[in-house]
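These notes concern the structure reproduced below.
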Amino acid sequence: MEKSIERCLSETCSMDGVIGSVLADQQGLCLGVKGKASISSSGVITAIADQVAKLEPASKNPIIVLENDTNQCLIQRADRATVAIFKTSNPVN
Amino acid sequence: MGCCWGSCKEDSASQGGDTNERTHLLVDPVSNNTPAQRANSDDFISRYPNSIPKKTDEQSALSRILQETATNVIDVAALDSHNLEQHEYKERSKQYQQRLLMQGSSQRWHLSAPSLLIDIPMPEKVLAAPPLSYADMDMISLLVQNANFALEELKVEHREDLVVPFRIP
């Protein structure tokens with residue numbers, strides 16, 4: 001049954017520019033990692049998503065972008081899962 | 001009651017002039033001497049004219065007190081405004097900077113770990129950067145939806161009995 005989760009992560013990692021992806025549950029437990037990403041980052045990612053979601057509780061789940069000169073980290077959460085995608089910054093940016 | 005009676009007796013004894021063990025050897029100096037001094041103050045001035053401080057003496061004494069006070073008081077504001085000229089400020093700042101440089105090599109603040117929060121040279125460039133592209137937003141939204149859907153479907157398939165009876169004979 002966890003193959004669908006792995007398939008989601010694999011499909012995402014196969015996209016252009018994506019380095020790695022992390023999937024965590026509501027409590028921050030790491031449910032899956034693909035590519036160049038750390039298992040231990042799942043708790044921090046979930047915490048960030050939870051805190052940012054408190055800024056505007058009425059709106060839907062926000063997309064958080066952490067970036068440096070070369071890479072981006074996109075975080076979004078849903079009811080049961082929190083997902084982070086690590087990717088290279090677009091050359092346009 | 002006994003105290004009241006004792007004091008009354010004492011007063012009557014002292015007023016009567018009889019000396020016993022309760023009469024004061026030293027009479028009250030305030031009640032006895034003050035009217036006498038007041039009455040005799042004019043006589044005292046006329047009798048000892050040299051010992052009385054005259055007005056000039058008073059002024060000189062006042063000025064002496066003022067001088068002593070002035071020598072004892074350290075006026076910080078006056079010191080700053082008088083003594084420090086502009087070039088002295090510069091000299092002192094140079095001196096302090098040299099001493100800081102001498103001390104700086106050994107006691108400079110060292111960060112234990114490199115901080116992630118570092119000033120960037122041109123913040124307006126970063127702030128003016130275009131926001132997240134729609135493709136990236138779609139990508140992560142799709143991944144979140146799929147992962148959420150996959151987690152909802154996640155079920156535990158148990159193939160063995162959860163409770164295992166021990167075969168105790």
Side-chain angles (χ1 to χ4, degrees), chain A residues 1-18 20-27 29-35 42 44-46 49 60-69 72-93, chain B residues 97 100-168:
Chain A
M1 294 295 282
E2 68 270 14
K3 283 181 182 176
S4 56
I5 296 173
E6 290 182 359
R7 195 174 61 243
C8 288
L9 294 176
S10 301
E11 287 176 358
T12 307
C13 279
S14 64
M15 289 180 169
D16 192 23
V18 175
S21 58
V22 179
L23 173 66
D25 73 345
Q26 285 174 305
Q27 281 78 37
L29 175 70
C30 183
L31 298 179
V33 174
K34 284 286 179 184
S42 62
V44 178
I45 287 165
T46 306
K60 61 180 185 178
N61 291 315
I63 299 173
I64 305 143
V65 183
L66 309 173
E67 62 179 347
N68 62 5
D69 292 337
Q72 281 182 330
C73 173
L74 316 179
I75 301 171
Q76 194 178 20
R77 76 166 192 175
D79 294 335
R80 289 170 175 266
T82 304
V83 161
I85 296 176
F86 298 91
K87 66 186 291 292
T88 56
S89 298
N90 290 331
V92 182
N93 291 353
Chain B
Q97 279 177 355
L100 272 178
L101 283 176
M102 288 168 63
Q103 295 284 326
S105 59
S106 59
Q107 292 186 355
R108 189 172 293 170
W109 179 264
H110 287 294
L111 288 176
S112 58
S115 176
L116 288 175
L117 300 175
I118 300 172
D119 287 340
I120 49 175
M122 294 169 64
E124 62 274 6
K125 189 180 176 184
V126 177
L127 292 174
L132 191 63
S133 64
Y134 286 109
D136 290 344
M137 289 172 66
D138 288 342
M139 179 175 67
I140 191 162
S141 296
L142 188 68
L143 175 60
V144 164
Q145 285 177 6
N146 289 337
N148 201 34
F149 186 68
L151 279 178
E152 283 179 357
E153 287 190 340
L154 192 66
K155 289 176 185 173
V156 177
E157 291 180 352
H158 61 91
R159 293 170 184 170
E160 298 175 359
D161 291 335
L162 289 176
V163 179
V164 179
F166 290 106
R167 292 179 180 174
I168 301 172

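We name chains A, B, ... by the order of the sequence lines, and we start the count at 1 in each one.
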Worksheet, complete the sentence: Scored by heavy-atom pairs under 4.5 Å with chain B, the best of Thr82(A), Thr12(A), Leu9(A), Asn68(A) is Thr12(A)

Give every donor-acceptor pair under 3.5 Å between a side-chain atom in residues 139-150 of chain B and any protein atom, sequence neighbours left out.
from: Ser141(B); atom 1: OG; to: Gln76(A); atom 2: OE1; distance (Å): 3.4
from: Ser141(B); atom 1: OG; to: Met137(B); atom 2: O; distance (Å): 2.8
from: Asn146(B); atom 1: ND2; to: Leu142(B); atom 2: O; distance (Å): 3.3
from: Asn148(B); atom 1: OD1; to: Arg80(A); atom 2: N; distance (Å): 3.0

Worksheet item: So which part of Arg77(A) gets closer than 4.5 Å to some heavy atom of chain B, the side chain, the backbone, both or neither?
Response: backbone

Discussion item. I'd like to know if the side chain of Asp161(B) reaches the main chain of Val163(B), judged simply by a donor and an acceptor atom lying under 3.5 Å from each other, with no hydrogens or angles considered.
Written reply: no

Discussion item. Report which part of Leu31(A) has an atom under 4.5 Å of a heavy atom belonging to chain B: side chain, backbone, both, or neither.
Written reply: side chain

Worksheet, complete the sentence: Cut-off 4.5 Å, heavy atoms of chain B, and the answer for Ile63(A) is side chain

Worksheet item: Could you give the distance from CD1 (Ile85(A)) to NZ (Lys34(A)), rounded to the nearest 0.5 Å?
Response: 14.5 Å

Discussion item. Can you confirm whether Asp16(A) is buried at CG, in the sense that more than 12 heavy atoms of other residues, nucleotides or ligands lie under 6.0 Å from that atom?
Written reply: no

